[in-house]
Amino acid sequence: MLQAAHAADPARVFKAGAATSNITPELGSSINGGFQDGKAVFIHDELHARCLALDDGQTKLVLVVADSCVIGRGIFDDAKKMVNEATGLPLENMLMSATHSHSCGTAQAVGQSEPNPLYQRFLARRIADGVRCALNNLAPAKIAWGGVDVPQHVYNRRWKMKPGGIPPTPHGVTTDQVKTNPGINNPNLLEPAGPTDPQVSFISVQSAEGKPIALYANYSLHYVGGVGPGHISADYYGVFANRVGELIGADRQDPPFVGIMSNGTSGDINNIDFRGGQAKEGPYGRIKIVANDVAQAVAGACKTLKYQDWVPLGVAQKEITLGLRIPSQEEVEKARAVTKQSKLFPRMETMEQVYARETVLLADFPKEVSAPLQVLKIGELRVSAIPAEVFVEIGLGMKKRHPQTFTVSLANAYHGYLPTPEQHQLGGYETWRARSACLEVDASTKIVAGLEELFEKLK
């Protein structure tokens, strides 16, 4: 359980402000998150960038969560630059992340989905607008944070299987020791290949008079899914944002209360009980169940919080260089021949063809990338930001070393899956080389070491 920080100097004024900005794409837009591209035919619920601004009188911090599967660094950097030019807020004082909902407009080329440059520019501008509105809403406030376990909705999706239960990979590799999403009640199931993190961490801010301003939560759950075909939806993240406001009595305020759910370390975690313990639900049924249960737990935990009138804020950020797993020329030539077997070329049909296309595309990638790492200081709390789909073991390790912390995935950039070296050895979907899974095997080790340096700077 995260505890509120010690009371600080009451003479200082702490402020908070929040706002949302609509980032819904137009109908007909690409929807990414699958091996085949989707197209938006219906807006089930609007997408938003949800923004929280904090100010201790000397330092301002901004946290943004945007309804999107993945967002590349260019969009986040453009948004930060717009905010900086308009307000002077330093670029490193903004933490921006994507939710990883698989029913949003494509903002980054991934799978067989390509982004519309007009939507990318629109998205950057709307994120910047949301931040500026949150900064405009800054008003005297008090803050608290906490955590509550909601274990019933997180499952490790990587499974060890009985002999013969794991087929060859699309690259033809036969040494995988785990299977991702193995199928409900698969007779070959042995045990999950890793743990889960049941904790929902959250930051709550209220006005000086006690009126809720915003609640920023973090849960290590990939997404829920189960939306209608071609539907645009914020998934459970959007339902949670609305529901938690209802439960804490923050409906129809002026300025509006802003609920926010960020993605924790969920690279290997989803909401499917592969032992078959869940009832089947219709479209959006599972989303509503998960969002309501998480919101109920957080709203209940809010009643036990002790709010503080002031806490110190800080930030530390650094760039680290990570290697990429780039295919050889021979692998590229073989892959190119496989892609040409598709009867729908240039669109790929089979998994083998899809991954062959990834190999061809990776041939043009650099051998190294620069990845931004960031840690925010909010009193005694530390919020880490990693630009990847982070495996749960990494987040659990951070919490063990730093009890008052949580990690935001898909933050400030996007560099695909981040397994531990040990999980790399087991293989599985998240390790299969693709643009969404091409970081070097030791990337997580380097990222954690970089974050630990930032924790030291903020002591």
Side-chain angles (χ1 to χ4, degrees), residues 1-4 18 49-52 54 61-68 94-101 143-151 153-154 195-205 214-224 234-241 243-245 258-271 290-291 293-302 305 373-412 418 451 455:
M1 180 78 177
L2 303 178
Q3 298 295 326
R50 297 177 172 88
C51 312
L52 170 62
L54 304 174
L61 298 178
V62 167
L63 297 92
V64 180
V65 180
D67 291 320
S68 180
M94 295 175 253
L95 190 172
M96 298 180 175
S97 67
T99 57
H100 203 60
S101 164
I143 187 169
W145 53 89
V148 61
D149 285 355
V150 187
H153 292 305
V154 284
T196 63
D197 181 356
Q199 187 179 59
V200 185
S201 303
F202 61 92
I203 302 166
S204 176
V205 289
L215 188 144
Y216 181 106
N218 179 267
Y219 192 34
S220 294
L221 175 59
H222 214 70
Y223 70 106
V224 176
D235 204 276
Y236 97 98
Y237 307 94
V239 180
F240 169 87
R243 185 70 179 124
V244 76
V258 178
I260 308 171
M261 175 59 79
S262 61
N263 198 316
T265 51
S266 69
D268 49 348
I269 306 298
N270 65 15
N271 182 242
V290 174
D293 284 358
V294 175
Q296 291 272 8
V298 170
C302 278
L305 296 177
L373 303 181
Q374 181 187 41
V375 177
L376 303 187
K377 167 186 172 180
I378 304 171
E380 297 298 317
L381 177 68
R382 300 291 182 269
V383 181
S384 304
I386 300 179
E389 296 183 62
V390 185
F391 269 39
V392 73
E393 294 95 325
I394 297 165
L396 289 170
M398 298 292 289
K399 287 181 178 181
K400 186 175 182 180
R401 292 187 299 277
H402 308 279
Q404 296 199 65
T405 193
F406 63 83
T407 301
V408 181
S409 289
L410 300 145
N412 300 314
L418 187 68
L451 289 173
F455 272 83

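Partners of Y223 by ring-ring contact (aromatic ring centres under 6.0 Å, His included), not counting sequence neighbours, listed by chain and number: H102. S68 is linked by a side chain to side chain contact (heavy atoms under 4.5 Å, CB included) to I71, A98, A107, counting only residues two or more places apart in sequence or in another chain. Residues that satisfy the side chain to side chain contact (heavy atoms under 4.5 Å, CB included) test with P195, not counting sequence neighbours, are N156, V392, E393, L396. Evaluation of the side chain to side chain donor-acceptor pair (under 3.5 Å) rule for R50 yields D67 as partners, not counting sequence neighbours. When the ring-ring contact (aromatic ring centres under 6.0 Å, His included) test is applied to H153, no partner is found at least two apart in sequence or on another chain. Qualifying salt bridge (Lys or Arg N to Asp or Glu O under 4.0 Å) partners for K399, counting only residues two or more places apart in sequence or in other chains: D197.
The CZ atom of F202 lies 10.5 Å from the CZ atom of F406; values are rounded to the nearest 0.5 Å.
Checking side-chain atoms of Y236 against main-chain N and O of L221 turns up no donor-acceptor pair under 3.5 Å. With S220 contributing its side chain and S266 its backbone, the two residues share no donor-acceptor pair below 3.5 Å. Using modelled atom types, no side-chain atom of S201 and backbone atom of N218 make a donor-acceptor pair closer than 3.5 Å.
A side chain to side chain contact (heavy atoms under 4.5 Å, CB included) with Y237 holds for exactly one of V224, T99, V65; it is T99.
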Exercise for the section: Please report the C-alpha distance between S409 and N263 in whole Å, then the side-chain angles of each, then the deciding distance to 0.1 Å, and finally whether the side chain to side chain donor-acceptor pair (under 3.5 Å) criterion is met. Expected result: CA-CA 6 Å; S409 289; N263 198 316; 4.9 Å; no
